[in-house]
Novice: 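This is the structure I want to talk about, given as structure tokens.
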Amino acid sequence: MPELPEVEVLVRHLLPQLLSKVVRDVRVQRARTAAPSSPAEVRRALRGATFVNLTRRAKYLLFDLQPKKGSKLVRVLGHLGMTGRMYLLPRACPPPKHAAAVLDLGGEKFVFEDTRYFGRFTLDISAVEKLGPEPLETEEPPGDFARGLKRSSQAVKVKLLDQTLVAGLGNIYASEALFLAGISPRLPARKLTRVQTVQLWKSIRKVLAKAIEVGATIRLAYYETGKGAGLRDTAWAPAEAPSPVERFYVYGRAGEACLNCGQGIKRLVQAARSTFYCPNCQRR
DNA sequence: CACCATGTTCCTTG
DNA sequence: CCAAGGAACATGGT
């Protein structure tokens with residue numbers, strides 16, 4: 001589920017549901033999920049606390065809770081990893097098989113489901129300090145972005161995944177932004193002209209903003225069991241999903257026709273990840 | 001069995 | 001110290 005747009009959509013969806021709810025109990029099922037904090041520390045910090053805010057930084061969720069009256073706020077950093085999802089379920093609904101963390105909120109429970117357990121739910125918020133600029137906050141390419149590109153001979157696609165250059169892009173939207181900018185994913189980062197750098201930055205913003213507008217890849221599906229029902233998100237909309245399915249320009253479309261010129265979209269592997277591009281629209 | 005998967009970190013090498 | 005490449009993490013889908 002997880003790049004900047006998915007996290008943004010999720011945060012907007014969760015905020016009103018969590019606000020002013022009190023955490024009655026906490027279960028973090030795996031040590032890895034709370035690392036480098038421990039499940040016990042997370043439990044101790046959150047039990048009895050009230051949700052007062054939820055924000056996003058890049059792909060991270062930042063939960064703010066108020067323990068008792070007048071005490072300092074507690075902040076929990078959440079990250080979805082590759083397969084993380086977060087949603088509320090009615091109290092009677094059993095948690096899913098790979099529930100990395102479950103918060104008892106009384107009438108319902110907050111579930112952090114994470115099949116591959118690459119995600120985080122921790123008191124250690126240091127990761128956000130290392131992040132580069134937030135793409136939707138600046139219209140012109142920030143110095144960190146331009147300089148970061150300039151001093152790297154790596155392919156520009158690979159550099160776009162470096163969270164210190166621009167924070168929040170992942171494998172899908174990196175390919176999408178390069179397509180929109182008309183830049184080859186193989187171009188060495190330092191070879192970008194100033195014009196291309198500006199173009200790329202604007203394309204990143206456009207791709208991310210548009211994705212947020214359409215709900216990113218999050219699909220809310222009705223969830224029903226014998227013990228209750230609720231809404232949860234399902235990544236990669238199943239056929240029966242009612243919401244409009246997002247169109248990617250190139251991601252996952254190898255062999256299909258380019259929406260711009262009709263030529264075949266290609267797939268290549270860079271830094272052990274798939275890149276998708278149109279060889280005709282994206283030249284040097 | 002083989003290969004693929006929206007992410008990050010750690011280790012090695014130069 | 002830095003850049004770059006690759007493996008590792010863990011589970012499931014096709």
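Chain identifiers are assigned alphabetically (A, B, ...) following the order of the sequence lines, protein sequences preceding nucleic acid strands; residue numbering begins at 1 within each chain.
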Novice: Partners of Lys206(A) by salt bridge (Lys or Arg N to Asp or Glu O under 4.0 Å), sequence neighbours excluded?
Specialist: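 Partners of Lys206(A) under the salt bridge (Lys or Arg N to Asp or Glu O under 4.0 Å) test: none.
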Novice: In whole angstrom, what separates Leu165(A)'s CG from dC2(C)'s P?
Specialist: 15 Å
Novice: Please state how far atom CD in Gln270(A) lies from atom P in dA5(B), giving the value in whole angstrom units.
Specialist: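 Rounded to whole Å, this separation is 13 Å.
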Novice: Can you pull every protein N or O that's under 3.5 Å from an N or O on nucleotides 11-14 of chain C?
Specialist:
residue	atom	partner	partner atom	Å
dT11(C)	OP1	Arg30(A)	NH1	3.2
dT11(C)	OP1	Arg30(A)	NH2	2.6
dT11(C)	O3'	His98(A)	NE2	3.0
dG12(C)	OP1	Lys97(A)	NZ	3.0
dG12(C)	OP1	His98(A)	NE2	2.5

Novice: For dT6(B) and Tyr251(A) - does any side-chain N or O of the residue sit under 4.0 Å from the phosphate oxygens OP1/OP2?
Specialist: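 True: Tyr251(A) side-chain N/O within range (under 4.0 Å) of dT6(B) OP1/OP2.
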Novice: Can you check the Arg186(A) CZ to dA4(C) C1' distance for me, whole Å?
Specialist: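 Distance, rounded to whole Å: 18 Å.
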Novice: Using the P atoms only, state how far dC1(C) lies from dC10(B), rounded to an integer number of Å.
Specialist: 15 Å
Novice: Regarding Lys266(A) and Asn280(A), do their side chains bring together a donor and an acceptor under 3.5 Å, going by distance alone?
Specialist: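 Side-chain D/A pair, Lys266(A) to Asn280(A): absent.
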Novice: Nearest-nucleotide wise, let me know which of Leu161(A) and Ala272(A) is further upstream toward the 5' end of DNA chain B.
Specialist: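 So the residue in question is Ala272(A).
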Novice: Separation of His79(A) atom NE2 from dA10(C) atom P, in whole Å?
Specialist: 17 Å
Novice: Determine whether Lys191(A) and Gln196(A) make a side-chain contact, defined as any pair of heavy atoms from C-beta on separated by less than 4.5 Å.
Specialist: no
Novice: Considering every strand and a 4.0 Å limit on heavy-atom distances, what is the contact class for Arg120(A): base, sugar-phosphate, or nothing?
Specialist: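 Result for Arg120(A) = nothing.
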Novice: Round to a whole Å and report the spacing from CG of Leu4(A) to P of dG7(B).
Specialist: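 About 11 Å, once rounded to whole Å.
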Novice: With a 4.0 Å cut-off, would you call Asp64(A) and Arg75(A) a salt bridge?
Specialist: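 Here Asp64(A) pairs with Arg75(A) in a salt bridge, since their nearest N and O are under 4.0 Å apart.
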Novice: Using a 6.0 Å distance limit plus a 45 degree cone around the ring axis, check whether Arg32(A) lies over the aromatic ring of Tyr117(A).
Specialist: no
Novice: Please tell me whether Arg120(A) and Tyr60(A) have a donor and an acceptor in their side chains that are separated by less than 3.5 angstrom.
Specialist: no
Novice: Between Gln17(A) and Tyr87(A), does any side-chain donor sit less than 3.5 Å from a side-chain acceptor?
Specialist: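 No, Tyr87(A) and Gln17(A) have no side-chain donor paired with an acceptor closer than 3.5 Å.
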Novice: Please state whether the phosphate of dC4(B), meaning OP1 or OP2, lies under 4.0 angstrom from any side-chain nitrogen or oxygen of Arg267(A).
Specialist: yes
Novice: For Thr275(A) and Gln270(A), which I'm curious about, is there any donor-acceptor pair between the side chains at under 3.5 Å?
Specialist: yes
Novice: Taking only the side-chain nitrogens and oxygens of Arg151(A), find out if one of them lies under 4.0 Å from OP1 or OP2 of dA3(C).
Specialist: yes
Novice: Taking OP1 and OP2 of dT9(B), is either one under 4.0 Å from a side-chain nitrogen or oxygen of Gln163(A)?
Specialist: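 No, outside the criterion.
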Novice: Between Tyr251(A) and Phe179(A) (judged by ring centroids, cut-off 6.0 Å), do the two rings come close enough to count as a pair?
Specialist: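 Tyr251(A) vs Phe179(A): aromatic centres not under 6.0 Å.
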Novice: Can you tell me, in whole Å, how much space there is between the P of dG6(C) and that of dA5(B)?
Specialist: 16 Å
Novice: So if I take every side-chain heavy atom of Ile172(A) and compare against dT6(B), dT8(B), dC4(B), which nucleotide ends up nearest?
Specialist: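 Looking only at side-chain atoms, Ile172(A) lies closest to dT6(B).
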Novice: Output yes if the stacking criterion (under 5.5 Å between centres, under 30° between planes) is met for Phe118(A) over the base of dG7(B), else no.
Specialist: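 The base of dG7(B) is stacked with Phe118(A) (centres under 5.5 Å, planes under 30°).
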Novice: Is the distance from OP1 or OP2 of dC4(B) to the nearest side-chain N or O of Arg273(A) less than 4.0 Å?
Specialist: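 No, because none of the side-chain N or O atoms of Arg273(A) sits under 4.0 Å from OP1 or OP2 of dC4(B).
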Novice: Return the value, rounded to whole Å, for the distance between atom CE of Met82(A) and atom C1' of dC4(B).
Specialist: 10 Å
Novice: Name the closest nucleotide to the Ser153(A) side chain, picking from dA4(C), dT8(B), dT6(B).
Specialist: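 The answer is dA4(C), which lies nearest to the side chain.
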Novice: To the nearest Å, give me how far apart NZ (Lys130(A)) and C1' (dG7(B)) are.
Specialist: 15 Å
Novice: Contact between Pro5(A) and Tyr173(A) at the side-chain level, heavy atoms closer than 4.5 Å - yes or no?
Specialist: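 When only atoms from C-beta onward are counted, Tyr173(A) and Pro5(A) do touch, with a gap below 4.5 Å.
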Novice: Toss me the dot-bracket line for DNA chain C: Watson-Crick and G-U wobble, both under 3.5 Å, 5' to 3', using | for pairs to another strand and [ ] for crossers.
Specialist: .||||||||.||||
